[in-house]
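Working notes, structure below.
Note on naming: letters A, B, ... go to the chains in the order of the sequence lines (proteins, then strands), and numbering restarts at 1 for each one.
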Amino acid sequence: MFYKIEVKDKSGIFDAVGEGVKADILDFGIKTVKNVRFIQVYTIIGELAAEDVKKICVELLADKICQDYSINPVPPKTKKDQAIVEVAYNPGVMEPIEESTLKGIKDLGITGARSVKTAKKYIISGKLSVGQLKTICDKLLYNKLIQHIVKSGSVHSEGEPGVSSYKFSLTIVDLLGVSDQKLTELSKKGQLFLNLAEMRAIRNYFKGLKRNPTDCELETIAQTWSEHCSHKTFRGKINYSEKAGSKSKLIDGLLKATIMKVTQELNKPWCVSVFKDNAGIIRFDEKYNICFKVETHNHPSALEPFGGANTGIGGVIRDPMGTGLGAKPFLNTDIFCFGLPDYPFSKLPVGTLHPKRVMKGVISGVQDYGNKMGIPTVNGAILFHEKFTGNPLVYCGTAGIMPRDKSFKQTNSGDLVVVVGGRTGRDGIHGATFSSGELTHESETVSSGAVQIGNPIQEKKMLDTILQARDKNLYSAITDCGAGGLSSAVGEMGAEMGARVELDKVPLKYNGLSYMEIWISESQERMVLSVPKEKIEELLQVFADENVEATVIGEFTNTKKLELYYRDNLVCNLDMHFLHDGLPKTVKEAVYVQAKHAEPKINCPKDLTPALTKLLAHYDICSKETVIRRYDHEVQGGSNLKPLVGVKNDGPSDASIVKPVLDSPKSVIVSNGINFRYGFIDPYWMAASCIDEALRQIISVGGSLKQVAILDNFCWGNPDKPDRLGSLVRCSYGCYDTAIGFGTPFISGKDSLYNEYSEHGRSAAIPGTLLISAISVMDDASKAISMYAKEAGNLIYIAGDTSEELGGSHYYDLAGAIGNNCPKVNVKKAKLLFDSLSKAADKGLIRSMHDCSEGGLGVAAAEMAFSGGLGLDLFLSSVPYAGQKRNDFVLFSESNSRFIVEVTKKNQKDFEQSLKGKTFGLIGCLNKGKDFKIYGLDGKICVEADIGKLKEIWRAPLKW
Amino acid sequence: MRNVKVCVIRTAGTNCDKETAFAFVKAGAEAELVHINNFIQGDKDLADYHILALPGGFSYGDDIASGKVFANELRCKLSEDLRKFVQDGKLIIGICNGFQILVKGGLLPGNANFEQEASLIINDSGKFEDRWVHLSQKSKVKTQKCVWIKNLPEVIYLPVAHGEGKFIVEDESVLNRLKKNNQIVFKYCDAKGKQGGYPDNPNGSLEDIAGICDETGRIFGLMPHPERHISVCQHPRWFTPLETMHRRSSTAACGSLSLTGFNSKNKTGLPVRQAGDGLIIFKNGVEYARKIL
């Protein structure tokens, strides 16, 4: 039986959901909508008595204070100028609410409810054309990849998913007898994303075995060898040259030659585990280590922003959880690149969601998962460019803390394979291989299985119990089920000894999954443990006590083979050696050609106030407060320097400081550096700039270079195209030179390649984008410094060299130009300055400090003044500067390694002494007024504005 | 001296349990995290504790409505234990999600049958928001009923972080009763203690209500998070002279969380707060419980 229950707000109650939808519709320019009412729909499937259904409504589903309910309501006749839209999830899409609702019903003492489905119903009043209604539905109310519109009148449009049972039949794929051309076809048709050389290697392997592979074997190899899992570009061979035709050099493993080489050469004693585990580990204190990982989830977020970002953050949280013997996550960081929020709908490529919708969905997805996991989201950045329209970048990072003796894992032969957490369904099939290919306008239909939504409470329960099991020493190794699902997790854990898994033992969400689907499903919220046999009972009890499913599905063997069974049938029998080392190293061609851009023709205006206000309203620079507030950034109680600071708590903090151990003064600083615009000019200097930015943010908040570890995250175009790969190589060299100079090791990283959006055969790459995430241990959190101006009368300094480096700047972007002279980094000089500032901060000589970045000195000084609610007089003639003497260049150059520093008059001498030999200038003074005044090189005022007005301009653009 | 024992109850989706327990420990109590299943299965007995704390989080994902499924579970599975706990004169505090659970489970404003009379619903903004708010506890009557809020400055400062915090009541009579019995504990206000609109009132709560207690003053629920302001360094502006008071003393408090004493004055006459406003709330609860041991 179906019982359809509708719950809506009583009249007189403010319908916040309905009002939100109305505001979004008006946002589309559809002004005729008068009212939107929201109704929550539950469909309970099962055998229930009428009074039980009523009890469920009264005591569980409807809030009697403010809601009414109706059971199996007769669909009302649609009134004139009214549309009713009901949106339900597609069969097979996991609905987190189902589990809680079933539990609630059971708690009431009612049995007989089998499943619960939900839908959202919107009653839209106002005159709408059919086309307008379609726009509202398609662009706002539902995403056809996971949802559908319920036809009016039907009680429940879809049955229970996957009730059909699965009949086993082993599928053999003919490889031995086929041509090369057929191999290529096979790879494409099966979404394996393997190239011909790789397909040939597989054929050779099976030739040796004198048999054809099963579909499961082929899939397992494809998953393991996917770019996503094996990083073949960074680990393979590259023939690199700068400029076509010039002498090339062969790089055997780009990662080893650049990123990892930094760590190896620096050889820091506090680096505990690097590039081995799911996250890089460094020392925290005598008792604890911390680990950090940043991942991307770009392709899924392009197709279903909420679900993509949701599972992106869910996935990266499992990285620390699966590092060593498991770490407790204590902070999240999220960095996004989107298309322009005001992009015209008419220009959107086919099959592309509007950037504003992508942004709203991504933020909601992060909010939902991060907040529900109880992990503070304390740091981030959001950048915008037209070229991210079809392919947004969604970086999610998590840091965790673990006791020092839980930092390493060791799977042993004879251990049991245990899967814990969520059940396995059809979700996310082909996620790993999907992310290793380009997005096309067909992606949304071909790869819709790769899209899913997460269940954060499932993950939270799993985290709570895993940490208990860890502290009782009940398992010997752990890893997360990420891309590739069980295939990757078990394959990796058993790589050295072998593993045997009985796939029919894996708990399923619903029947009907084939053995292969079970093996490669990427259902979220699952982890794999390796458990000594004698500890299995105790382990299972820990999970059972808190209603988390844990199931033995196999054993780690000593056969050095991956053996999979389904109902006693052998469906996969692969040599671990071939699986992990059989991938042929291909040589990729890479050519870097320096781009040449037109120099903008801008005359320096006398009054630079308009330019400053335009910069403050630039999407990259403007306030992200409305986003930051949607993340709980204070849960766990460790927040020591918040992402928002200032007299009104709305200034942009340079970095965040978090105490993972509440009773200790030791804390963790987290920051990030990202600026794809410099990459348009030279990816080498983009890398240098990103590292410099991440590090100077740490210095800005009172940290030091003493113990800073960094992560690299490359989001790039198709590496099979020499120009894309060329710029990637050049960027990696920038990483090496800069990081080694600063003495900051890389501890982990990730690459997301193939970020291209091809439409009808034309391929557009995203701007090659590097994110540098930095994490630092700070000995004493009470030495923290914030960015907002503190007291009238205090002096303002600029520290560091300003040069005529406007290439890739936001000032040039206002003129629609890129230019060629992008900011460089003099690492040696920068490091000396950073160290001096750290010492000055430690001595208490600095009242506030702000990092000079996007928008240069002008923007940084304005932010400092208006966040502190103080006026400022600034003199450009005192800025140490090299280049064409123009007010606009001095004010808006984005030269690296610079800080604005506030110092009391009392400390003037000591501060200047502490910076002896470094470049700095005393450029201004804070006052009690509200005027922000800048005097140009000629001594005349070139900027004059009220700080309140500047702040409002800066806050307005993303104030949704 | 016997120890005050605090049970911080948790279930799937609870997430402010550890810092709430930490705050109670700093306030001088012994705190234990206990999963609801331990009570239901009889491994633990609620009667062994003096204070029950329902911490923040998203119990059962806040599916259906915030706190609803957990409130339902407590009502169906633990109501007798809870009734006895209250009758024994013990204390309950519900913070954020805990407040939502107490209201939806009928423990607040409180009546004999644990009937729900009020609710906490989706913010007027339609959004989850994390922000600091001022709370006033200026009472019209001389004696404050709520045992948790003695010795507090007139206006205190705590963060909220919720999407469903708008307090509403079933009808006018409930509100009148709350007023008459002096059960309204905290109201959102501006920095000077005056009524303000959004964002001073972050969610659109009726009469700016941020926290209420039951008729005994021992059961207390509030949307803001006192456990997130137990040390000065959790304050968003501990860097500013007027707020921070005196850099040196705050340094000591931040470094080691030595949380002795509430307010004192330094040589300059500026108030020196060595602890956050929230800690006082926990101390009050613990001190009260100690007296009734």
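A 4.5 Å side-chain heavy-atom check between A:V645 and B:P236 finds every atom pair outside the cut-off. At a threshold of 4.5 Å between non-hydrogen side-chain atoms, the residues A:D545 and B:H35 do not count as touching. Proximity of B:K166 to A:F14: side-chain heavy atoms (C-beta onward) are separated by under 4.5 Å at one or more points. The shortest side-chain heavy-atom distance between A:I457 and B:Y60 does not fall under the 4.5 Å cut-off. By the 4.5 Å heavy-atom criterion applied to side chains, B:I168 and A:C66 are counted as neighbours. Residues A:Y631 and B:E129 fail the side-chain proximity criterion, which asks for heavy atoms closer than 4.5 Å. Counting heavy atoms from C-beta on, the side chains of B:F128 and A:R629 never come closer than 4.5 Å. The side-chain heavy atoms of B:T11 and A:E546, taken from C-beta on, include no pair separated by under 4.5 Å.
If you measure heavy-atom distances from B:V169 to chain A, the contacts under 4.5 Å come from the backbone alone. With a threshold of 4.5 angstrom between heavy atoms, B:A118 approaches chain A through N, CA, C or O but not through any side-chain atom. In this structure, chain A has heavy atoms under 4.5 Å from both the backbone and the side chain of B:A12. With a 4.5 Å cut-off on non-hydrogen atoms, A:Q367 touches chain B through its side chain but not through its backbone. Using a 4.5 Å cut-off between heavy atoms, B:T14 touches chain A through its backbone atoms (N, CA, C, O) alone. If you measure heavy-atom distances from A:A62 to chain B, the contacts under 4.5 Å come from the backbone alone. With a 4.5 angstrom heavy-atom cutoff, A:T101 touches chain B via backbone and side-chain atoms both. Heavy atoms of A:L108 lying under 4.5 Å from chain B belong to its backbone as well as its side chain. For A:N371, the parts lying near chain B are the backbone and the side chain together; criterion is any non-hydrogen pair under 4.5 Å. Both the backbone and the side chain of B:I64 come within less than 4.5 Å of a heavy atom in chain A. Heavy atoms closer than 4.5 Å to chain A are found nowhere in B:E164, neither backbone nor side chain.
Most heavy-atom pairs under 4.5 Å with chain A, from the set B:G61, B:G13, B:A161, B:A71: that is B:G61. Per-residue counts of heavy-atom pairs under 4.5 Å with chain A were compared for B:K104, B:R75, B:E227; the largest is that of B:R75. Your options are B:N38, B:V69, B:I36, and the one with the most heavy-atom pairs under 4.5 Å with chain A is B:V69. Ranked by heavy-atom pairs shorter than 4.5 Å toward chain B, the options A:V17, A:L60, A:V7, A:N455 are led by A:L60. Ranked by heavy-atom pairs under 4.5 Å with chain A, the first of B:K68, B:Q41, B:K18 is B:K68.
For NZ of A:K624, the number of neighbouring non-hydrogen atoms (other residues, nucleotides, ligands) closer than 6.0 Å is greater than 12. Annotation: B:E73, atom CD; neighbour count of heavy atoms from other residues, nucleotides and ligands within 6.0 Å is above 12. The number of heavy-atom neighbours closer than 6.0 Å to NZ of A:K10, taken from other residues, nucleotides and ligands shown, is above 12. Under a cut-off of 6.0 angstrom, the local environment of NZ in A:K648 is sparse, with at most 12 non-hydrogen atoms contributed by other residues, nucleotides or ligands.
With respect to the salt-bridge test (charged N to carboxylate O, under 4.0 angstrom), the residues B:R131 and A:D650 do not qualify. Taking the charged nitrogens against the carboxylate oxygens, B:D62 and A:K372 have no contact shorter than 4.0 Å, which rules out a salt bridge. Electrostatic pairing of B:E117 and A:K64 does not count as a salt bridge here, judged by no charged N lying under 4.0 Å from a carboxylate O. One finds a salt bridge joining B:K77 and A:D107 here, because a Lys/Arg side-chain nitrogen approaches an Asp/Glu carboxylate oxygen to under 4.0 Å. Taking 4.0 Å as the cut-off between side-chain N and carboxylate O, B:D130 and A:R630 do not count as a salt-bridged pair.
With values rounded to the nearest 0.5 angstrom, A:Q636 atom CD is found 9.5 Å from B:D17 atom CG. Between atom CD of residue B:E19 and atom OG of residue A:S639 there is a gap of 11.5 Å, rounded to the nearest 0.5 Å. In this structure, CG on A:D63 lies 8.5 Å from OG on B:S66, to the nearest 0.5 angstrom. Rounding to the nearest 0.5 angstrom, the gap separating the CG atom in B:D63 from the CD atom in A:E95 is 10.0 Å. Going from atom SG of B:C16 over to atom CD of A:E634 covers 10.5 Å, rounded to the nearest 0.5 Å. If you take CG on A:D464 and CZ on B:R10, they are separated by 5.0 Å, rounding to the nearest 0.5 Å.
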Before you tell me yes or no, could you show the steps for B:R237 and A:Y788 under side chain to side chain contact (heavy atoms under 4.5 Å, CB included), namely the whole-Å CA-CA distance, both residues' side-chain angles and the distance that decides it to 0.1 Å?
CA-CA 10 Å; B:R237 292 187 304 280; A:Y788 63 100; 3.6 Å; yes

When you look at A:K103 and B:F70, which way does the side chain to side chain contact (heavy atoms under 4.5 Å, CB included) test go after all the steps?
CA-CA 10 Å; A:K103 180 204 157 44; B:F70 198 25; over 6 Å; no

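Formation of a donor-acceptor pair under 3.5 Å by the B:N72 side chain with backbone atoms of A:G104 is found in this model.
Of all heavy-atom pairs spanning B:G126 and A:A16, the tightest one is CA-CB, 4.0 Å.
With A:D632 as the fixed residue, the side chain to side chain donor-acceptor pair (under 3.5 Å) test singles out one of B:R228, B:H225, B:H162: B:R228.
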